[in-house]
Amino acid sequence: MRILAIESSCDETACAIVEDGTRVLSNIVATQIDEHKLYGGVVPEIASRRHSENISWVVKKALGDAECTLDDIDAIAVTYAPGLIGALLVGISYAKGLSLASGKPLIPVHHIAGHIAANYISHPDLKPPYLCLVVSGGHSHIVEVTDYTTYKVIGRTRDDAAGECFDKVARTIGFEYPGGKFIDAAAKRGNPDAYKFTEPKVSGSEFDFSFSGLKTAVINLVHNSQQKGIEINADDISASFQRTVCDILVKKTMLAIKHTGHTTLAVAGGVSANSGVREAMQKACDKRGIKLYLPELKYCGDNAAMIGCQGYYDYLSGKRADESLNGIATLSLENI
Ligand code: KG4
Ligand code: ZN
């Protein structure tokens, strides 16, 4: 079964053709980062306009690269939540048009479910149930993936998402948006013991995250140093900050592993590309005999292949949308 998948929830206009869930025939991602970085973050109005300009050629290129036409496609999948509403609506409207014109079924896909599904593309042996740590620019969740289309969120961030924290710290240090990957690179050169940042205490749920305190601590350190004329070492701050994030993610995830009894863990979302997170998680899993799955780097960030993969499982479970499909800015994985 061939699915044409569209993703436009934030600042990437993406289309992929995916066969039987995990065979990616083409995967086109048109990023808008060069424009948004001028403003230090995604400007929703600009994102929607660029999606409108890019969507047609991105879809045509995905079909062309897969050497097929709309006739060879069995269904259209599209991200409908969560995300920037104006951005989502561009992809949704285009997908509805394709579905109506071709008579092919329309499958609404949750963006975070898509990130989780990226692991099925990279690892066809991965099967639910398992635990998944989702760390992206907008979300930080610990999720029990009970089946391909059912989820139980057992931990979430109380404030900033992990990626958001990376990006804000990066901006303070002087890196371009989105700065996660620059912190990753700088951390490789720096000393993780140079600065001590305390891990936040979160009352209530032992699996919930909080990153805003850590973010503020780094920002205060940088600003205080600047005011006193003390030169900051960006590599050392990056390494110390990244190590603290890794410690937090590993600690909470391993607690959740212990509590739930899962022996398989997956990590998903843009921050799963972080070399420190990948290494720390591998080490923690090896120590405990946990099988770890990490997406290939090209499927960590936003892309449409992951939407095509999840769309396949959603299709098998009977999920369909009609021309009334709307975008939803905020929607829990548990309510889909
Ligand atoms: O999943 P994603 O592409 O978009 C959302 O759904 O939010 O995640 C984007 C986030 C950004 O915050 C970006 O800085 C972060 O992923 N990111 C990284 C790395 N690569 C991307 N963070 C840390 N290290 C990286 N190597
Ligand atoms: Zn994403």
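Atoms within a ligand are numbered from 1 in the order they appear, just like the ligands themselves.
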Would you check if the side chain of Lys104 reaches a backbone N or O of Ile73 as a donor-acceptor pair within less than 3.5 Å? yes
Could you tell me, atom by atom, which parts of ligand 1 come under 4.0 Å of a heavy atom of Lys181? 19 (C), 25 (C), 26 (N)
Regarding His115 and Gln310, do their side chains bring together a donor and an acceptor under 3.5 Å, going by distance alone? no
Starting from atom 10 (C) of ligand 1, find the nearest protein heavy-atom neighbour and note its residue, name and distance. Gly137 N, 3.5 Å
Which is closest to atom 15 (C) of ligand 1 in terms of heavy atoms, Val271, Val277, Asp184, Ile33? Val271
Considering residues, nucleotides and ligands other than Arg23, do more than 12 of their heavy atoms fall under 6.0 Å from its CZ? no
Those atoms of ligand 1 less than 4.0 Å from some heavy atom in His115: 1 (O), 6 (O)
Hey, which of Val218, Ile237, Thr244 is the one that makes side chain to side chain contact (heavy atoms under 4.5 Å, CB included) with Tyr195? Ile237
Could you tell me whether the Zn ion (ligand 2) has an N, O or S atom of His115 under 2.8 Å away? yes
With a cut-off of 4.0 Å, which atoms of ligand 1 are near a heavy atom of Pro178? 14 (O)
Short N-O contact, Glu279 and Lys283, less than 4.0 angstrom: no
In ligand 1, the atoms that come under 4.0 Å of a heavy atom of Gly163 are 12 (O)
Could you tell me whether the side chains of Asp159 and Ser210 share a donor-acceptor contact shorter than 3.5 Å? yes
Same cluster or not: are Leu249 and Val169 linked, directly or through other Ile, Leu, Val, Met, Phe, Trp or Tyr residues, by side-chain heavy atoms under 4.5 angstrom apart? yes
Ligand 1 atoms nearer than 4.0 angstrom to some heavy atom of Gly301 are 3 (O)
Would you name the heavy atoms of Thr150 and Asp147 that are closest together and state the gap between them? OG1-CB, 3.1 Å
Would you name the N/O/S atom of Asp302 that lies closest to the Zn ion (ligand 2)? OD1
According to the interplanar angle, ranging from 0 to 90°, do the rings of Phe211 and Phe209 count as parallel (below 30°), tilted (30 to 60°) or perpendicular (above 60°)? parallel
Would you check if the distance from the ring center of Tyr120 to the ring center of Tyr148 is below 6.0 Å? yes
Out of Asn274, Ile183, Asp167, whose heavy atom sits nearest atom 14 (O) of ligand 1? Asp167
Got the closest protein heavy atom to atom 2 (P) of ligand 1, with its distance? Asp302 OD1, 3.5 Å
Can you pull out the closest protein heavy atom to atom 22 (N) of ligand 1? Residue, atom name and distance to 0.1 Å, please. Gly180 CA, 3.4 Å
Applying a heavy-atom cut-off of 4.0 Å, say which part of His111 lies close to ligand 1: side chain, backbone, both or neither. side chain
What protein heavy atom sits nearest atom 21 (C) of ligand 1, and how far off is it? Gly270 O, 3.4 Å
Does ligand 1 have an atom that lies less than 4.0 angstrom from a heavy atom of Gly138? yes
Report whether any nitrogen, oxygen or sulfur of His139 sits less than 2.8 Å from the Zn ion (ligand 2) (N, O or S, backbone or side chain). no
